[in-house]
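Taking it in order: structure first as C-alpha cells, then the write-up.
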Amino acid sequence: MSTATRDSVHGKLWTWLDQRIGLADFEKLARKKQVPVHRHGVWYYLGGMTLFLFIVQVVTGTLLLFYYRPSAEEAYESVQFLMAEVEFGWLIRSIHAWSANLMILALFIHLFSVLLLKAYRSPREVTWFSGVGLLAIALGFGFTGYLLPWNELAYFATKVGTEITGAVPLVGRFLLRLLRGGDEVTGATLTRFYGIHVAVLPGLVMLVLGLHLYLVQKHGMSVPLPVERQGDRRTMPFVPNFLLRDIVGWLCALAILAALAAFIPAELGRKADPFAPAPVGIKPEWYFMFMFQTLKYLPSHILGLEGEIVGIVGFGLGGLYLLLIPFLDRRAARGQPSPLFTWIGILVIVYIVVLTYLGYAASPTR
Ligand code: HEM
C-alpha cells in the first residue's frame, strides 16, 4: 500500500487490522496467485461455480429454517404457509430447490472435467479424495432435503431409496434402520433427515471443503499433460483477472436461478399419507435416476444372486474405482497419456446420460 493511502482513514483501518490479523499476508497471497492460461482454461471456473451455488444454498437454507418445522404433523403445513403467506417465501424456497439442482450439475461437470484433464495426478491425490467426499456429501444433502416438505412424492421416493439401502449386503438392515429411525418411514425419519441435512452434513462440508480449498490454494491449478508438454507457460493473475471472470459467471448463474425460480417455482403437491397407496410416477431426484433405472433393468437373479444386490455392489465398486483413480492410473502418475482411463470416463458419462434419459422416458408424468 502506498504512503498516501496509508495516511487516509481507510489506510489507518488497514494498518490497524494488519497489525492484528495480518492482512498484508493475505494481500501478498492474493497478488502472488496465478492461473494458467490455455485452451482448457474454461474448466477452471467450474469449482468456483459449485462453490458459489453452495453459498446460495447456505443463505437460502438458513432463511427457510426461520419457518420450517421438522415434524410429520407440521412440516408440510409450515412449507405451505411459507409458500402462500410469507413475503417472498416461495422465491426463497424455489431458489433453494433450483440451486441444489444446478449445484449438483456444476459439481458433476467439475468432477468429470478434472477427471478427463487428469488433475488428480501427483501431488493432487488428496484434493481428489476430498472432492469425492464432497460428492458424497452433496448427494446426501439432496437425498435428505427431498423428504423435508413431507409431501407424497418425496415420502414414497424416500421409502424406495431407503429400501435400496436395506439391500446392501451385511450392513443393509442396520443402515435402513439407522436412516429411518425404525422399520418404516415415519416422523422419526423426518427428524433424522432434518438433523443430517442441517447439522451433520453442514459440519462435514466445512471440514472437507476447507481441506479441498486449502489444497487447491497450496498446489495452485494443475496444467493438463498435453499443455505441459507443449511448454505453454502463460498465466493470468487470480486477482483481479480470474476473479472478475468468476464473478461474471456467478452473476449469470444468479440471473438463471432467478428466472427458473420465478417461472418454474418449486411444487409442493399433496401431503404425505403413509397409509395411502403409492402414487404413480414415484421417481428420485434426477442425479439418482441412472442408478434407480439400472436396478429396474436388472433381472431378478444373476448367477444365483439377487439382481438388486448385484447392482448395489456394482455401484459400490464403481464408487471405489472413482475414489482410487489417482492410484490406479499409473501412466498418468508418470506423466504419460492414459487413454484407457479417458475412455472409461467418457463411457461412464454416456452411461449416466442415457440411463437418466431412459428413466425419465419410462416414468409416467402426472
Ligand atoms: C461442493 C463441491 C466442490 C466444490 C465447492 C469444489 C471447489 C473447487 C474449487 C473452487 C477448485 C479450484 C477451481 C477449479 O479447478 O475448478 C477446485 C479444484 C479441484 N477439485 Fe473441486 N470442488 C468440489 C467437488 C469436487 C469433486 C466432486 C471432485 C472430484 C472427485 C473435485 C476435484 C478437484 C480437483 C482434482 C481440483 C484441482 C484441479 C486442478 O488443480 O486443476 N472437486 N474445486
Side-chain angles (χ1 to χ4, degrees), residues 29-30 33-59 61 99-142 145 201-228 232 235-236 238-239 241-247 249-250 253 287 318-329 332-333 335 341 344-345 348-349 352:
L29 205 73
K33 192 172 166 65
Q34 295 282 326
V35 179
V37 176
H38 51 76
R39 66 199 164 95
H40 301 294
V42 61
W43 304 114
Y44 288 147
Y45 296 96
L46 266 298
M49 180 60 81
T50 315
L51 185 61
F52 172 72
L53 293 167
F54 174 70
I55 294 168
V56 171
Q57 287 309 89
V58 175
V59 174
S99 175
N101 285 308
L102 292 191
M103 184 188 108
I104 294 199
L105 183 66
L107 184 145
F108 271 124
I109 303 175
H110 174 52
L111 186 164
F112 283 110
S113 61
V114 290
L115 176 86
L116 294 178
L117 292 173
K118 324 251 156 134
Y120 49 73
R121 285 175 297 131
S122 171
R124 294 182 179 75
E125 296 92 332
V126 181
T127 318
W128 175 264
F129 298 150
S130 58
V132 176
L134 289 171
L135 170 71
I137 294 172
L139 295 180
F141 266 121
L201 294 177
L204 278 178
V205 101
M206 286 301 150
L207 286 177
V208 186
L209 185 57
L211 175 67
H212 197 71
L213 297 181
Y214 161 73
L215 291 173
V216 168
Q217 176 53 41
K218 177 173 166 55
H219 296 301
M221 305 306 299
S222 73
V223 178
L225 270 173
V227 178
E228 212 171 71
D232 189 349
T235 60
M236 70 162 107
F238 180 76
V239 181
N241 303 43
F242 189 84
L243 188 62
L244 284 175
R245 287 170 167 82
D246 252 341
I247 292 174
W250 299 342
Y287 36 88
L320 195 64
Y321 164 80
L322 185 74
L323 182 71
L324 296 180
I325 282 184
F327 294 148
L328 299 173
D329 190 356
F341 284 83
I344 296 177
V348 171
I349 299 174
I352 292 178

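What you see below is based on every heavy atom in this structure, not just the backbone, and it leaves out hydrogens, waters and symmetry mates. In listed order, ligands and their atoms are each counted from 1.
Note that the OG1 atom of T127 and the CD atom of E125 stand 8.0 Å from one another [nearest 0.5 Å]. Separating the CG atom in L102 from the OG1 atom in T50 is a distance of 10.5 Å, to the nearest 0.5 Å. Note that CG of D246 is 10.5 Å distant from CZ of F52, once rounded to the nearest 0.5 Å. Atoms CG and CG, from L111 and L135 in turn, are 6.0 Å apart once rounded to the nearest 0.5 Å.
Under a 3.5 Å cut-off, the side chain of W250 and the backbone N or O of G48 do form a donor-acceptor pair. Distance alone, capped at 3.5 Å, places no donor-acceptor pair between the S122 side chain and the A333 backbone. Looking only at distances, no side-chain donor or acceptor of H38 sits under 3.5 Å from a matching main-chain atom of V223. Proximity of a side-chain donor or acceptor of W128 to a complementary backbone N or O of R121 within less than 3.5 Å is not detected. In this structure, the side chain of Y44 engages the main chain of S222 through a donor-acceptor pair within 3.5 Å.
If you number the atoms of ligand 1 from 1 as listed, the ones under 4.0 Å from a heavy atom of W43 come out as 16 (O). Near T127, the atoms of ligand 1 lying under 4.0 angstrom from a non-hydrogen atom of the residue are 34 (C), 36 (C). Ligand 1 places these atoms under 4.0 Å from at least one heavy atom of L213: 10 (C). Near R124, the atoms of ligand 1 lying under 4.0 angstrom from a non-hydrogen atom of the residue are 40 (O).
At a heavy-atom distance under 4.0 Å, only side-chain atoms of H212, from C-beta outward, approach ligand 1. Within the 4.0 Å heavy-atom criterion, the part of H110 lying near ligand 1 is the side chain and not the backbone. Here V216 has side-chain heavy atoms under 4.0 Å from ligand 1, and that is the only part of it that gets that close. When non-hydrogen atoms are compared, ligand 1 lies under 4.0 Å from the side chain of L209 (C-beta onward) but not from its backbone. Under 4.0 Å from ligand 1, not a single heavy atom of F54 appears.
Closest to atom 15 (O) of ligand 1 among all protein heavy atoms lies M221 CE, 2.9 Å. What sits closest to atom 27 (C) of ligand 1 on the protein, heavy atoms only, is G131 O, 3.0 Å. Among protein heavy atoms, atom 2 (C) of ligand 1 sits closest to L107 CD1, 3.4 Å. Looking only at heavy atoms of the protein, atom 40 (O) of ligand 1 is closest to S222 N, 2.9 Å. For atom 3 (C) of ligand 1, the closest heavy atom belonging to the protein is L134 CD1, 3.6 Å.
With ring centers used as reference points, Y45 lies under 6.0 Å from F242.
Residue T50 has no nitrogen or oxygen atom sitting less than 3.5 Å from a nitrogen or oxygen atom of ligand 1, judged on distance alone. The shortest N/O to N/O separation between G47 and ligand 1 falls below 3.5 Å. The distance criterion of under 3.5 Å between nitrogen or oxygen atoms is not met by Y45 with respect to ligand 1.
For OH of Y321, the number of neighbouring non-hydrogen atoms (other residues, nucleotides, ligands) closer than 6.0 Å is greater than 12.
Within the 4.0 Å heavy-atom shell around ligand 1 one does not find F129. Residue contacts with ligand 1: Y44 is included, with a non-hydrogen atom under 4.0 Å away. Using 4.0 Å as the threshold, A138 has no heavy atom nearer than that to any atom of ligand 1. In this structure, W128 counts as a contact residue of ligand 1, since one of its heavy atoms falls inside 4.0 Å of the ligand.
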